[in-house]
Trainee: 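Following this message is one structure expressed as structure tokens.
Numbered from 1 within each chain, the chains take letters A, B, ... in sequence-line order.
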Protein chains: 2
Amino acid sequence: MSVTIKDIAKEANVSIATVSRVINNKSEGVGKETREKIRKIIKDLNYYPNRVARGMVTKQSNILGLILPDISNPFFPDLVRGVEDTASKSGYNIVLCNADNNKDKEASYIRVLKENNAAGIFYISVIKKNDNNLKLLVDGKIPFVLMDRRINIENVPKVYTDNVTGMYEMADYLIKNGHRRIAYISGPKHNSSSDQRLKGYKKALSDTGITIDPDIIKVGDYKLESGRQHMQALIDEGNNFTAVACANDMMAVGALEVLKHKGIKVPQEISITGYDDIFMASVTSPKLTTVAQPKYKMGCIAAELLIKLVQGRQISRKEIILKPSLAIRESAIKRSDNFENCSYR
Amino acid sequence: MSVTIKDIAKEANVSIATVSRVINNKSEGVGKETREKIRKIIKDLNYYPNRVARGMVTKQSNILGLILPDISNPFFPDLVRGVEDTASKSGYNIVLCNADNNKDKEASYIRVLKENNAAGIFYISVIKKNDNNLKLLVDGKIPFVLMDRRINIENVPKVYTDNVTGMYEMADYLIKNGHRRIAYISGPKHNSSSDQRLKGYKKALSDTGITIDPDIIKVGDYKLESGRQHMQALIDEGNNFTAVACANDMMAVGALEVLKHKGIKVPQEISITGYDDIFMASVTSPKLTTVAQPKYKMGCIAAELLIKLVQGRQISRKEIILKPSLAIRESAIKRSDNFENCSYR
DNA sequence: TTGTAGGCGTTATCAT
DNA sequence: ATGATAACGCCTACAA
């Protein structure tokens, strides 16, 4: 049995109310001497307050749930670190919930989180406007912030990066480097980030008057293997292109592999780009040119937001859009003029 | 305010005791009809039990702390996933604690975890026999298991992989491939896994009668940059070697980069190996030959262990040693006979 | 300045 | 088969 407020009270010959006062640093209501004495005893007995009991009466807790698809996905650790670092600075703990984008798992986590009296929830998921889990959150009156994905739901705090602009700028960069035939390996359909990025790609092309050719747009699933497959297909089908933009780094790495395996020189013959700037992007060869998201920062900001919410403080903006930036490295360069004679044709 | 057991009781015209009985599925003590009625009301009112309150009386919680250095380190996500997956299957939640191997941070997390009445703790850290935080855990009578590192402390449950054997086998593999001059880039000193791996390397060499040459043993810090630096140094100092074994993949990736940059062919001129088999190892070019640890499995096993402990059940073994295995890929091959004429000499 | 007592949502013991 | 009630550790009016 651990030491409780009662033990301290008994030892100090005061009431538990007095002890409680010094524990909570109530500035008034305790004599200086008593305070000192109690402090000493607390230390001697190695007492620490029981947050669970405290939570019962204050209706608060320092537990924040973090629901995300999968911590093994290299995109998330940085973001999670950001969340955890700033949360812990304010005394909050993070409960990790890997839900694999599975609605049932998410619902189950939400429930357990509620049962545990979690103060708030970070929610990273493929969410639709009328999502049932969203209702769970709203009806449960539990503060939450949506992260990473741009979702068209009003009145719900969210923080994400501008995926349209990110991919727009990347495509634009390719175009400015002379590329006209730019293949695209997209993420899964009906996934907001994926949709947004595709949109950015298309917009950049049409803004420059380049025809969008469905033949060189492939739909992958954000995983490495699908990058391989679609790169393979792109080549096998005899398509004509000098660059390929991938909707994320994983697929770009897969695509790069295929290219190298075929003896096609990157970036001399074909330029290739990614998205996310996961750590791996900086160690491939050639190093991957990609779109960097401020992942860690996103985590920090989301945490600050949620904590304010939890504490009932005002938040200035409900929607925070972070700017992505290009990480120009080695995998994309100026189109070579004699690309017609590329080895792969 | 959320629905409580009282609301259910009132609605059903029974006492809270009865409601409690059906909530906890007590087989006896409730009439069939009453039970049905209560079940329905629970559903209708969308009631869920408050675990915090329950914990107050049962002295239990479903919260497990996971103290690790840094989730951003690519080695950990898989392991964490293993922990979380099996924990959640048994209804336990994981509180993530990134402590950066910092004793104070760890101590602070341990404290908060105790305050939150955590049921148990996974502890991944560079721990010494008389570590103060260890005492905190033991004195606090909080069940915990040590993970990942082999630590020489009795009577404390631990699960880790055999690092000596892992590196022994890798060095042996290199030797069997004709290498005699095998450089080594070690992890930091006084780090158990690092020490063990170095030990394995040395043992493999001496078992074969190969002289250990301190000149080609460098001490890094497990980070990519130090792999770069020491590879550079190895070459600059004009050392003679045909292979270099690195104590982890990160450093191997850094070393590989330097080699490629210098135009030295891997593996034709120099073989290189890593340790850990993080995802990245499978996408470098050449793909990294490395020592694979069953990371996910380690997480699962540790979780099973801790949960048993928490539930007061018997555990069969206090120390579980997992076997590493070689992941033979492309970065290490047979020593070429004319290595004397390598381009880098 | 300090103490008393009620209550937070449950479980568990003991009656009925 | 059910109900009343103490207890878990703490906070917080309200009283003294």
Trainee: Any Lys/Arg nitrogen of B:D131 or B:K103 sitting under 4.0 Å from an Asp/Glu carboxylate oxygen of the other?
Mentor: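 Yes.
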
Trainee: Using whole Å, report how far CD1 of B:I38 lies from P of C:dT10.
Mentor: 14 Å

Trainee: Between C:dT1 and A:K32, is there an OP1 or OP2 to side-chain N/O distance shorter than 4.0 Å?
Mentor: no

Trainee: Within this structure, what is the NZ-to-P distance between B:K114 and D:dG9, rounded to whole angstrom?
Mentor: 16 Å

Trainee: Rounded off to whole Å, could you give me the CD-to-C1' distance for the A:E33 and C:dT2 pair?
Mentor: 14 Å

Trainee: Counting any heavy atom closer than 4.0 Å, what does B:N13 reach on the DNA or RNA strands: base, sugar-phosphate only, or nothing?
Mentor: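 Contact class for B:N13: sugar-phosphate only.
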
Trainee: Identify whether any heavy atom of A:V14 sits under 4.0 Å from a base atom; if not, whether one sits that close to sugar-phosphate; answer base, sugar-phosphate or nothing.
Mentor: sugar-phosphate

Trainee: What do the steps show when you test A:D85 against A:R81 for salt bridge (charged side-chain N to carboxylate O under 4.0 Å, His left out), and what is the final call?
Mentor: CA-CA 6 Å; A:D85 282 358; A:R81 212 36 243 253; 3.1 Å; yes

Trainee: Which value, rounded to the nearest 0.5 Å, describes the distance between B:Y123 atom OH and B:L68 atom CG?
Mentor: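 These two atoms lie 11.5 Å from each other.
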
Trainee: Quick check on C:dT1: is either OP1 or OP2 less than 4.0 Å from any side-chain nitrogen or oxygen of A:T34?
Mentor: no

Trainee: Could you state the CD-P distance from B:Q60 to C:dT11, rounded to the nearest angstrom?
Mentor: 12 Å

Trainee: Could you tell me the separation between the CD1 atom of A:I121 and the CG atom of A:N133, rounded to the nearest 0.5 Å?
Mentor: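 So the CD1 of A:I121 and the CG of A:N133 are separated by 9.5 Å.
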
Trainee: Between A:S125 and A:E106, does any side-chain donor sit less than 3.5 Å from a side-chain acceptor?
Mentor: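 Note: A:S125 and A:E106 side chains meet the donor-acceptor criterion.
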
Trainee: From CE of B:M56 over to P of D:dA6, roughly how many Å is that when rounded to an integer?
Mentor: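 It works out to 17 Å between those atoms.
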
Trainee: Rounded to whole angstrom units, what separation is found between the CG atom of A:N116 and the P atom of C:dG9?
Mentor: 16 Å

Trainee: Can you check each nucleotide of nucleotides 10-16 of chain D against protein heavy atoms at under 4.0 Å and return B for base, S for sugar-phosphate only, - for none, in 5' to 3' order?
Mentor: BBBB---

Trainee: Please tell me if A:S15 has a side-chain N or O lying less than 4.0 Å from either OP1 or OP2 of C:dT4.
Mentor: no

Trainee: Counting only heavy atoms not in B:K40 (residues, nucleotides, ligands), do more than 12 fall under 6.0 Å from its NZ?
Mentor: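 Result for NZ/B:K40: open.
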
Trainee: Using a strict 4.0 Å threshold on nitrogen-to-oxygen distance, state whether A:R150 and A:E319 make a salt bridge.
Mentor: yes

Trainee: Would you mind reading off the distance between B:D7 atom CG and C:dT10 atom C1', rounded to a whole angstrom?
Mentor: 14 Å

